[in-house]
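Following: one structure in structure tokens, then a few remarks.
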Amino acid sequence: MRPFLAIIKSASSLLVLVNGSLLFLAGIFLPHLTMAQPAGQTQPAAISIDYAVQGKPLNPFWAYFGYDEPNYTYMHDGKKLLTELSALSPTPVYVRCHNLLTTGDGTPALKWGSTNAYTEDANGNPVYDWHIVDSIFDTYIQRGMKPLAEIGFMPEALSTHPEPYRHHWKPGVRYDSIYTGWAWPPRNYSRWATLIEKWVRHCVQRYGEKEVATWLWEVWNEPNISYWKGTEQEYFRLYDTTAAAVKRAFPSARIGGPATTGPSWDKAARWLRDFLDQCAQTNTPLDFISFHAKGSPKVVEGHVRMNRKPQLSDVSNGFAIVKASPYKNLPIYITECDPEGCAACGMATNPENAYRNSTMYSSYTAASFALIADLADSFQVNLAGAISWSFEFEGQKWFDGFRDLATNGVDKPVLNVFRMFGMMRGNRIPAGNAFAAADQHSLSVMVWNYTDDDLPGEPLMTSITLTHLPAKKVKVTHYRIDGSHSNAYEVWKKMGSPQNPTPAQYRQLEAAGHLQQLDAPQLLTVTNGALTIPVTLPRQAVSLIKLAF
């Protein structure tokens with residue numbers, strides 16, 4: 001693994017990242033925050049956690065998911081996965097998807113979806129049809145989930161450049177071919193505003209004010225690239241028009257943006273700053289701020305090498321921009337937060353995406369999300385949510401290397417990281433190379449052996465020392481994601497990689513995809529408030545050790 005050094009400056013902060021670990025920020029030295037080691041090198045890393053040193057309440061910022069294809073929502077495997085996602089968090093899970101206003105008959109395809117919410121009749125009169133978008137939101141609400149309602153894209157009848165409109169992208173086809181008539185500004189802003197106002201009013205009527213007040217409304221997606229074919233000023237007009245329409249329909253609605261791409265790119269950073277300046281100057285409603293953050297894996301010498309540097313730089317720059325703005329206390333949503341940029345690009349056309357089926361994806365997620373939480377603490381910003389742009393793809397081959405949480409209804413290892421996060425309760429505790437939280441009767445520690453290089457290696461031998469525990473006996477339960485636990489992919493390969501598993505094989509895969517314990521729970525004795533637990537972590541493994549007392 002080649003070392004890297006990133007120095008990011010803002011008006012109020014200096015951040016230094018070395019090999020993905022935070023070393024220095026605003027005059028405060030911090031410990032290494034990950035267990036990442038160069039390929040072939042494993043070193044002991046003892047972890048010390050003081051139960052008495054509890055910080056602010058644990059924020060379930062991981063309970064956010066998203067995807068391009070909204071019509072998968074109410075299909076068989078979509079509903080199954082949403083049911084599982086809704087169960088993994090103690091607080092409601094938020095879901096964001098593209099294409100909620102795109103014109104079409106609701107037929108799903110990769111990077112495509114439609115609801116036909118707005119069309120016009122032969123005389124040019126507006127026609128509103130909510131039944132498809134209702135079926136999407138109904139699926140969420142029935143499971144206690146919340147829409148992070150992305151307001152887009154442009155209906156065909158309102159687009160300034162409607163033809164061509166429906167794209168037919170597939171992996172291997174030039175990515176830019178997706179940007180068709182739905183990406184253009186409205187030909188009539190008044191009709192656009194009326195559409196948004198009617199949609200929000202309809203939601204309030206259907207679901208009630210109390211429910212809709214808990215939702216989030218985000219204006220468009222990545223307007224600084226070709227998802228928006230207009231100018232920056234035209235996006236500002238779109239945002240202003242949309243925000244006013246949403247607030248007219250329901251003053252308690254929460255609206256935000258601009259959902260720009262990663263602000264480590266100078267043009268994206270400028271868009272984010274310009275947007276915040278514009279809102280401040282015009283007093284435009286802004287209830288939260290959103291931007292995206294992506295990594296960049298590559299194939300190096302025949303294996304996948306992850307690269308968190310771009311993703312962490314996106315997060316750091318975004319936090320710095322918000323911190324320096326008039327909106328430094330607003331909630332921040334990283335509305336796409338992923339190892340790379342194209343969920344629907346499988347490993348057949350993009351071999352760097354081979355990490356997605358394995359425990360490399362789960363260990364990367366554990367390590368990066370923990371570091372993002374520490375970055376938010378360091379910048380003293382309000383990180384409310386980080387959306388994993390990863391769902392499921394109906395009717396695709398088994399384990400075909402898409403960035404998804406499940407394949408054909410069977411959970412991948414990465415989904416179990418979110419189950420682990422969801423089992424944690426209470427207040428954050430400083431944990432160095434781990435992620436820890438505690439409440440009155442429990443303490444949870446997540447620990448990982450993440451490496452950037454997808455190569456075999458020796459396990460990591462470490463220990464967790466816990467002090468000031470308020471009990472003489474504790475029940476310890478150890479959950480694990482590795483090659484033989486919580487890993488349907490490895491079970492599938494041992495079956496011979498069947499594309500048509502038998503019913504018995506399917507049940508076996510389904511069970512293997514669930515979060516599993518490493519061994520039976522133990523009742524351990526605490527001596528003078530202290531306890532040390534040895535842990536052996538295979539390469540790319542993740543453990544959650546949960547103490548109950």
Do [X] and [Y] have a side chain donor and acceptor closer than 3.5 Å?
{"X": "His292", "Y": "Glu222", "result": "yes"}
{"X": "Ser442", "Y": "Arg425", "result": "no"}
{"X": "Glu218", "Y": "Thr335", "result": "yes"}
{"X": "Thr465", "Y": "Thr532", "result": "yes"}
{"X": "Lys546", "Y": "Thr477", "result": "no"}
{"X": "Tyr364", "Y": "Asp452", "result": "no"}
{"X": "Gln540", "Y": "Ser363", "result": "yes"}
{"X": "Lys294", "Y": "Ser296", "result": "no"}
{"X": "His468", "Y": "Asp50", "result": "yes"}
{"X": "Ser388", "Y": "Ser390", "result": "no"}

If you measure from [atom1] on [X] to [atom2] on [Y], what distance do you get to the nearest 0.5 Å?
{"X": "Phe137", "Y": "Thr139", "atom1": "CZ", "atom2": "OG1", "result": "10.5 Å"}
{"X": "Arg356", "Y": "Cys345", "atom1": "CZ", "atom2": "SG", "result": "7.0 Å"}
{"X": "Phe393", "Y": "Asp400", "atom1": "CZ", "atom2": "CG", "result": "10.5 Å"}

Are any of the side-chain heavy atoms of [X] and [Y] separated by less than 4.5 Å?
{"X": "Ile372", "Y": "Cys337", "value": "yes"}
{"X": "Lys328", "Y": "Val381", "value": "no"}
{"X": "Asn487", "Y": "Ile481", "value": "no"}
{"X": "Ser543", "Y": "Leu537", "value": "yes"}
{"X": "Ile332", "Y": "Asn382", "value": "no"}
{"X": "Ser264", "Y": "Asn317", "value": "yes"}
{"X": "Pro147", "Y": "Val95", "value": "no"}
{"X": "Tyr489", "Y": "Thr359", "value": "no"}

Which heavy atom of [X] sits nearest to which heavy atom of [Y], and what is that distance?
{"X": "Leu286", "Y": "Leu330", "answer": "O-CD1, 3.5 Å"}
{"X": "Pro297", "Y": "Tyr355", "answer": "CG-CE2, 4.2 Å"}
{"X": "Ala280", "Y": "Pro326", "answer": "CB-CG, 4.0 Å"}
{"X": "Gln516", "Y": "Ser484", "answer": "OE1-O, 4.0 Å"}
{"X": "Leu272", "Y": "Ser290", "answer": "CD1-O, 4.4 Å"}
{"X": "Arg308", "Y": "Ser368", "answer": "CD-CB, 4.3 Å"}

Looking at [Y] and [X], is there a salt bridge between them, counting it only when a charged N and a carboxylate O are closer than 4.0 Å?
{"X": "Arg539", "Y": "Glu458", "result": "no"}
{"X": "Arg428", "Y": "Asp377", "result": "yes"}
{"X": "Lys80", "Y": "Glu510", "result": "yes"}
{"X": "Asp453", "Y": "Arg305", "result": "yes"}

Distance-only, no hydrogens or angles: does the [X] side chain make a donor-acceptor pair with backbone N or O of [Y] under 3.5 Å?
{"X": "Glu150", "Y": "Arg96", "value": "no"}
{"X": "Asp287", "Y": "Ile255", "value": "yes"}
{"X": "Thr527", "Y": "Ala530", "value": "no"}
{"X": "Ser325", "Y": "Val322", "value": "yes"}
{"X": "Trp492", "Y": "Pro498", "value": "yes"}
{"X": "Asn350", "Y": "Glu352", "value": "no"}

- [ ] Check the pair Asn427, Leu58 against side chain to side chain contact (heavy atoms under 4.5 Å, CB included), reporting the backbone distance first and the verdict last.
- [x] CA-CA 5 Å; Asn427 302 314; Leu58 183 65; over 6 Å; no
TODO: Kindly assign one of parallel, tilted or perpendicular to the pair Tyr51 and Phe549, based on the angle between their ring planes and the thresholds 30° and 60°.
DONE: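 Aromatic pair Tyr51/Phe549 classed perpendicular.
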TODO: Give the ring-plane orientation class for Phe421 versus Phe61, where under 30° counts as parallel, over 60° as perpendicular and anything between as tilted.
DONE: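 Tilted, since the angle between the ring planes falls between 30° and 60°.
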Within 6.0 Å of [atom1] in [X], more than 12 heavy atoms from elsewhere:
{"X": "Gln517", "atom1": "CD", "value": "yes"}
{"X": "Asn528", "atom1": "CG", "value": "no"}
{"X": "His514", "atom1": "NE2", "value": "yes"}

Task: Sequence neighbours excluded, every pair satisfying salt bridge (Lys or Arg N to Asp or Glu O under 4.0 Å) that has a member inside residues 466-480 - done: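 Those involving residues 466-480 are Arg480-Asp482.
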Open item on the list: Restricting to ring-ring contact (aromatic ring centres under 6.0 Å, His included), what partner residues turn up for Tyr333, sequence neighbours left out?
Closed with: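 Tyr333: ring-ring contact (aromatic ring centres under 6.0 Å, His included) contacts with Tyr64, Phe288.
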- [ ] Quick one: do Tyr72 and Asp77 satisfy side-chain hydrogen bond (donor to acceptor under 3.5 Å, both in side chains)? Show the steps, please.
- [x] CA-CA 8 Å; Tyr72 289 162; Asp77 289 342; over 6 Å; no
Task: Tyr94 ring center within less than 6.0 Å of Trp215 ring center - done: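 Judged by ring-centre distance (under 6.0 Å), Trp215 and Tyr94 do not meet the cut-off.
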Task: Aromatic ring proximity Phe369/Phe435, centre distance under 6.0 Å - done: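 They do not qualify: ring centres at least 6.0 Å apart.
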What pairs of donor and acceptor atoms, side-chain ones from residues 403-417 against any protein atom, are under 3.5 angstrom apart with sequence neighbours left out?
unit_1: Arg403; atom_1: NE; unit_2: Trp389; atom_2: O; d: 3.1
unit_1: Arg403; atom_1: NH1; unit_2: Glu340; atom_2: O; d: 2.9
unit_1: Arg403; atom_1: NH1; unit_2: Glu340; atom_2: OE1; d: 2.9
unit_1: Arg403; atom_1: NH1; unit_2: Glu340; atom_2: OE2; d: 3.2
unit_1: Arg403; atom_1: NH2; unit_2: Trp389; atom_2: O; d: 3.1
unit_1: Asp404; atom_1: OD1; unit_2: Lys412; atom_2: NZ; d: 2.4
unit_1: Thr407; atom_1: OG1; unit_2: Phe399; atom_2: N; d: 3.1
unit_1: Asn408; atom_1: ND2; unit_2: Gln396; atom_2: O; d: 3.2
unit_1: Asp411; atom_1: OD2; unit_2: Arg419; atom_2: NH1; d: 3.3
unit_1: Asp411; atom_1: OD2; unit_2: Arg419; atom_2: NH2; d: 2.8
unit_1: Lys412; atom_1: NZ; unit_2: Asn357; atom_2: OD1; d: 2.9
unit_1: Lys412; atom_1: NZ; unit_2: Phe402; atom_2: O; d: 3.0
unit_1: Asn416; atom_1: OD1; unit_2: Arg419; atom_2: NH1; d: 2.9
unit_1: Asn416; atom_1: OD1; unit_2: Leu515; atom_2: N; d: 2.9
unit_1: Asn416; atom_1: ND2; unit_2: Ser486; atom_2: O; d: 3.4
unit_1: Asn416; atom_1: ND2; unit_2: Gly513; atom_2: O; d: 2.9

